[in-house]
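Chain letters run A, B, ... following the sequence lines, proteins first, then strands; residues in each count from 1.
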Amino acid sequence: MGIRYELTQLLEGAAREAQARSILPAQALPEVILEHPQNPAFGDYACSLPMKLARAARMDPMSLGQALAQLLPSHEAVARVEVAPPGFINFTLAAPWLALQVEAMLKAGMAYGDLDVGHGERLQVEFVSINPTGPLHVGHGRGAVLGDTLARALGAAGFQVETEYYVNDGGNQMEAFYTSLYVRYLQALGQKEAMPDSGYMGSYMMELARELLAERGDALLALPREEAIAQAGRWGLERVLGWIREDLERLGVSFDSWFSEHSLYREGQYERAMGILSQGGFTAEREGALWFISTALGEDKDNVLVRTSGIPTYFASDIAYHYNKFLERGFQRVIDIWGADHQGHVPRMKAAVAALGVAPERLQIILNQMVALRRGEEVLRVSKRTGELITLGELMDEVGADACRFFYLARSADAQMDFDLELAKRQSAENPVYYIQYAHARIASILLLAQGRSIDYASGDVSLLTTEPELALLRKIIQLPEVVETVARTLEPHHLAYYAQELAMVFHLFYRDCRVVTQDVALTRARLKLVEAARLALAKTLYLMGMSAPDKM
RNA sequence: GCCCCUGUAGCUCAGAGGACAGAGCAGCGGUUUCCUAAACCGUGUGCCCGGGUUCGAGUCCCGGCAGGGGUACCA
C-alpha cells in the first residue's frame, strides 16, 4: 500500500495514544497528511500535525511534536524521526530498507504501483461521446486522453472500471447531419439543392457524399425524401463512427462499450426514467411542453424535457441514460468527462440524478477546458459546421500519438490549453516525451548488454545499493503508488506526467554517476536489479499514460 | 447582468494551508578513451491588484482587473 500510508497510520495511532494519555484533548483529529518536503534536509516525509493541534492542546507545537514522536513505534523503513521548528515531524527513510524494496518491485513486475484503495468498487468512466457528425478534432483528443488515462489509473488503484462512449444517434444535431449528407449526395449527382442553415459545411461531408454515391449509386433518388435521408443517415453514422474509432485506436484509447442513445427509447429506459420523475412530482406540463422542475431541487430555473413538438430534449435522454447507469447497471459511481461548453448542463444533471433517488455525489463530472489551436500566431477556429478544422488524426500525423497524449496529459483539466502546432512540431526532437522514453530505452540497452554477457543477476544482493544516486532513484520509484493514489483520489491524471519526468530525471542522474555493468560482479548484479526495477516503474507509468515504452530509440 | 474555469519565470505549465515557490522549452556558456549526448553540468530581481481569515496564504474568503466558457423547447 506504500510507505507513506503506513507512516500515516503510525502517526494517527500515536495521536490517539496521546489522547488516551490525556496529552491531547479527546476531540476529532484533523486528517494526518504526509508530504514530501521541498528541502531534502528535512527528510523524505514531513507532517505538520503538531502545529494543527497546538491550539486545541494548549501546547507549543515543538513539545507536542516531541510527545507524538516519542509515542511513535519504530519502523524498519524509518532511519530517523526529527521534530523541527516551527513544529514539523520529519521522517527519513532507512537506506537498507529502500534497497530491499527492489526485491518487492521485481516480484510485483508490471503490477508494481497497483493498489487496493478502490476495493473493487464498480465505476464507470464515460468520455468523448461526441455526436458522430464528423471526425474528432483537437479538443476531443483532450477528453479522450483524460478519460482513458483516468480509467487506467483508477483500475490500477483497485477500482473495477468500465469505459463507455455514449453515441448520440438521435437528436437535432444528428438530423442536421443526416440531411446535410443527403443534400451533398444530391449535389454530387448534379442536383441544385441548397444546404440547410444548420447544415454541416465541412469538406468531409462532400467526401462522405461521394463515397455514398460510389457505394449506392443513385439508388437513394428512387426513395421518398424521408426514407432516403434515413438511409443516408444510417450509412453516414456508421462511417463517421468508424473514423472516430480509428482515431481513438491510434491514440491508444478503446472503450469497453459503445452505448446507443437510441436504445434508451427502444428498451423502455426513457419511459421508466420519466415515470420516476413524474411520480416524484418533478415534472409539470407548461405551454405545451413537459418540464423538469429543477427549481424544486434548488436550481435557478426549470428545464424542458419534451418539446411542444413532442420530441424529447437531449437533457431527457441524458436523464434516461443516467437512470440506466445507476439504477439498471448499478454503478456505484459514475464519472462523466465533458467539454467546458457543457458546464451549464452540470447542475441540472446533478439535480436530475437526485430526483431519480441517487445521491448526487455518486455522479462526478469533470469538465475539461477548451483547447485553443494555433499555428504560430495564427489562431485556428475549431468548428465542425464551418468546416475549417484540424482533426485529431492530422495532429497525430504531425506530432505522433505518444506526444499527443503527453501534451494533453501535462495540463490539468481545468486549465485552458493552447495547442500550438508549430511549437509541438518544433519541440518534437527535444520534448519531455523523448526524455522519458529515452530513459526506458537506456535501461533496456543496459539489460540487453547484461544479457549479451550472460550475466545472471537473479542472486544479486540489493544491500550493496548504498550510494546517493542509487537511493535517490529508489526514493522516486517508491512514489509511484502514491501517484496512483493521488490520481485516483483527485481524478487529476496530469500528476502522472510530472512524475514520469521526475522519474526519468533521477534515472538519467543515476546513469551519469553509476556505471551498471563493471568488473565488480556483485555490484553489477545488484545494480542490474535496481535498473530492472526502474524499468518497471517507468514502463508502468508510461502504460498508465497510454504511451509506448521503447527498448530502442 | 448572473454562473463556471483560469491568471505563477521570456513562453507552456506544476505546486494535500506549511519550512528557501519548481519543471520543461527558448537564450547564453561548457561536458563524449567508458552500458545510447534524444543525456549531463552551469546560468533565473517570477505567484494579476487590494483587503481579510490563520501561528503560517501561490493555495482559503471578500472585492476588483484580465482571458476563456456558459446562460436555448442546441448538444
Classify the nucleic acid contact of A/D551 as base, sugar-phosphate or nothing, counting any heavy atom under 4.0 Å across all strands shown.
-> base
Nearest-nucleotide 5' precedence on RNA chain B, A/V517 against A/L367 = A/L367
B/S/- contact track for nucleotides 12-19 of chain B, protein heavy atom under 4.0 Å = SSSSB-BB
Indicate, with a heavy-atom threshold strictly under 4.0 Å, whether A/L509 touches base, sugar-phosphate, or nothing.
-> sugar-phosphate
Looking for any heavy atom pair under 4.0 Å, which part of the strands does A/Y511 touch: base, sugar-phosphate only, or nothing?
-> base
Should the ring pair A/H345 and A/H342 be called parallel, tilted or perpendicular, given that the plane angle runs from 0 to 90° and is split at 30 and 60?
-> perpendicular
Return the orientation label for the A/F282 and A/F292 ring planes: parallel under 30°, perpendicular over 60°, tilted otherwise.
-> tilted
Sequence neighbours excluded, which residues qualify as side-chain hydrogen bond (donor to acceptor under 3.5 Å, both in side chains) partners of A/D169?
-> A/S260
For A/T133 and A/M174, indicate whether the former's side chain and the latter's backbone hold a donor-acceptor pair under 3.5 Å.
-> no
So what does A/A441 hit on the nucleic acid, given a heavy-atom distance under 4.0 Å: a base, only sugar-phosphate, or nothing?
-> base
For the pair A/D551 (side chain) and A/A444 (backbone), establish whether a donor and an acceptor sit closer than 3.5 Å, ignoring hydrogens and angles.
-> no
Quick one: label A/R453 by what it contacts on the DNA or RNA (base, sugar-phosphate, nothing), any heavy atom closer than 4.0 Å.
-> nothing
Ignoring hydrogens and geometry, is there a side-chain-to-backbone donor-acceptor pair from A/H508 to A/Y435 under 3.5 Å?
-> yes
Name the nucleic acid region contacted by A/R515, choosing base, sugar-phosphate or nothing; use a 4.0 angstrom heavy-atom cut-off, strictly under.
-> base
